[in-house]
Amino acid sequence: MFLPFTHILILAFAYVNDKKLKRDDHMFATIQIVLCVILILLLLLFPQTAHSGTDLGLSLFMEALFPYLLPYLVLTQWLLRLTAPMRTKTKRASLYVQAYIISALGGYPTGATTIVYLKNSGQLHPKEANFLLAVCHAPSPLFVLGFVSLDLLHSNTFGWLFLCLLHTFNICCLVIGYFLYRKTDAPTISVHNTTLYTAPFSESIKETAPTILLVGTTIIFFTTIQTIVQQGLDQLIPKLPYTIELSLAAILEVTNGLKMTVTAFPDFPYTSLLVVILLTMQSISIHLQIFVIAKSAKLSVRPYLKFRLLSIIIVPTIYALFFLK
């Protein structure tokens, strides 16, 4: 269980860092500079490995995510803009449900882009947006059912089981949040706000392009970094355990981590539990996507980090207790 505890520590550090960044700005900048210098040196020392890592990241993005993500992002953004005038009279519970369904079907970072749009267009209070950013966050069902369940695990049932478990947890949190925020003063929505209805299709494409670029960039970047760091560690520590390499891959980029884990342990009886842990943890790549999107709308990531820590503990535990064969 080294991997989930490592990820919990990373998320806890991110939460504390987000809370105290202004106090320790100089120290944080120094750490980033040192990290950048080390990574640049690794790129210079292992150029061929960096090239291979970039090719792998691009392949993972194009095969596992791009076909599922791009059409859905365009369509959901288009739908949000087409139905914006109708939501001027929408009840808060209905708005929560709509946001959750869109995020559940589209996968990350569709939920984050949806919440940011609703907040920027005045349809969500900032406190509600912070909360929904944390709850409306789940992998695409096409990714889980297709790439993970069928392609990697060759199972027809695992994907459905995991999605039911994860969404049950999220929906319970959503219901609790609704009762906590239902008395919050709702923002005033004007039907004359031009961003709600002007050129919805072209606006949806315009808003989708940066998100696709962000997702592709983070996946390719972290896969490349994982590859060269792994090469550097192999040079320094020739007998480095393979589990350390898997942990590094999973923490940096979950798609590659899933593929490496299932390939390394095809007959391991707890492989499905490892996959649940990885899917629940996601990776730094995915968390960074959410951070960037949230910061663009000045949303706090603290509720998001709290919910991620909670889900890492609860979802795999329930799966291990009741569904692991």
Side-chain angles (χ1 to χ4, degrees), residues 1-14 17 30-61 63-65 147-148 151-155 158 217-288 308-309 312-313 316-317 319-320 324-325:
M1 297 301 288
F2 168 77
L3 180 57
F5 284 121
T6 302
H7 204 80
I8 288 172
L9 288 174
I10 291 173
L11 287 179
F13 173 77
N17 177 68
T30 303
I31 293 173
Q32 290 184 86
I33 291 171
V34 172
L35 181 61
C36 284
V37 171
I38 293 173
L39 293 177
I40 289 171
L41 289 174
L42 287 174
L43 286 171
L44 294 174
L45 289 172
F46 307 109
Q48 189 60 41
T49 304
H51 187 278
S52 300
T54 302
D55 286 344
L56 175 60
L58 182 61
S59 175
L60 286 170
F61 173 65
E63 293 178 8
L65 292 174
F147 178 72
V148 178
D151 293 348
L152 295 182
L153 296 176
H154 308 292
S155 170
F158 172 82
T217 301
T218 52
I219 289 175
I220 294 169
F221 172 77
F222 281 106
T223 303
T224 304
I225 294 303
Q226 177 263 318
T227 305
I228 61 170
V229 169
Q230 179 180 323
Q231 178 69 20
L233 289 175
D234 286 340
Q235 295 288 334
L236 292 173
I237 312 173
K239 295 183 179 180
L240 183 71
Y242 190 61
T243 53
I244 301 296
E245 297 181 7
L246 288 178
S247 298
L248 178 64
I251 289 172
L252 290 177
E253 211 300 296
V254 68
T255 310
N256 189 35
L258 285 167
K259 189 173 182 180
M260 289 177 63
T261 300
V262 175
T263 303
F265 306 109
D267 301 319
F268 186 54
Y270 301 115
T271 299
S272 62
L273 177 60
L274 292 176
V275 172
V276 169
I277 292 172
L278 295 181
L279 286 172
T280 309
M281 291 190 318
Q282 292 120 50
S283 61
I284 293 177
S285 170
I286 291 171
H287 299 316
L288 184 61
R308 298 289 73 74
L309 292 170
I312 290 172
I313 297 171
T317 301
Y319 181 84
L324 187 64
K325 296 179 181 180

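You'll find the side chain of Leu39 reaches within 4.5 Å of the side chain of Val229, heavy atoms only. In this structure the side chain of Val148 reaches within 4.5 angstrom of the side chain of Phe158, judged on heavy atoms. Gln226 places a side-chain heavy atom less than 4.5 Å from the side chain of Met260. Contact of the Leu279 side chain with the Leu258 side chain is registered, since non-hydrogen atoms from C-beta on lie closer than 4.5 Å. When side chains are defined from C-beta on, Leu240 counts as touching Asp234, because their heavy atoms get closer than 4.5 Å. Under the 4.5 Å side-chain criterion, counting only non-hydrogen atoms from C-beta, Leu152 is not in contact with Val275. Proximity of Glu253 to Phe221: side-chain heavy atoms (C-beta onward) are nowhere separated by under 4.5 Å. For the pair Leu60 and Lys259, the minimum side-chain heavy-atom distance is below 4.5 Å.
Side-chain N/O atoms of Thr49 and Thr227 include no donor and acceptor closer than 3.5 Å. Remark: the Ser272 side chain and the Tyr319 side chain contain an N/O donor-acceptor pair separated by less than 3.5 Å.
Considering every non-hydrogen atom in both Val254 and Ile286, the closest pair reads CG1-CD1, 3.5 Å. Between Gly257 and Leu278 the shortest heavy-atom distance is O-CD1, 4.0 Å. Nearest heavy-atom pair across Leu246 and Ala264 is CD1-CB, 4.1 Å. Among all heavy-atom pairs drawn from Ala50 and Leu43, the shortest one is CB-CD2, 3.5 Å. Across Ala320 and Leu273, no two heavy atoms sit closer than the pair CB-CD1, 4.0 Å.
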Check the pair Gln282 / Arg308 against side chain to side chain contact (heavy atoms under 4.5 Å, CB included), numbers first and verdict last. CA-CA 9 Å; Gln282 292 120 50; Arg308 298 289 73 74; 3.6 Å; yes
Please lay out, stage by stage, how Gln235 and Phe46 fare under the test side chain to side chain contact (heavy atoms under 4.5 Å, CB included). CA-CA 11 Å; Gln235 295 288 334; Phe46 307 109; 3.8 Å; yes
Carefully, step by step, assess Ile251 and Ile284 under the rule side chain to side chain contact (heavy atoms under 4.5 Å, CB included). CA-CA 6 Å; Ile251 289 172; Ile284 293 177; 3.7 Å; yes
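Checking side-chain atoms of Ser247 against main-chain N and O of Thr243 turns up a donor-acceptor pair under 3.5 Å. With hydrogens and angles ignored, the 3.5 Å screen pairs a side-chain donor or acceptor of Thr271 with a backbone N or O of Phe265.
The local environment of CZ in Phe268 is crowded, with over 12 non-hydrogen atoms from other residues, nucleotides or ligands closer than 6.0 Å.
To the nearest 0.5 angstrom, Asn256 atom CG is 10.0 Å from Leu248 atom CG. For the atom pair CD1 of Ile225 and CG of Leu35, the computed distance is 8.0 Å after rounding to the nearest 0.5 Å. Separating the CD1 atom in Ile219 from the OG atom in Ser283 is a distance of 8.0 Å, to the nearest 0.5 Å. If you take CD on Gln231 and CG on Leu236, they are separated by 10.5 Å, rounding to the nearest 0.5 Å. For the atom pair Thr317 OG1 and Ile277 CD1, the distance stands at 8.5 Å (nearest 0.5 Å). A distance of 10.5 Å separates CG of Leu233 from CD1 of Ile228, quoted to the nearest 0.5 Å.
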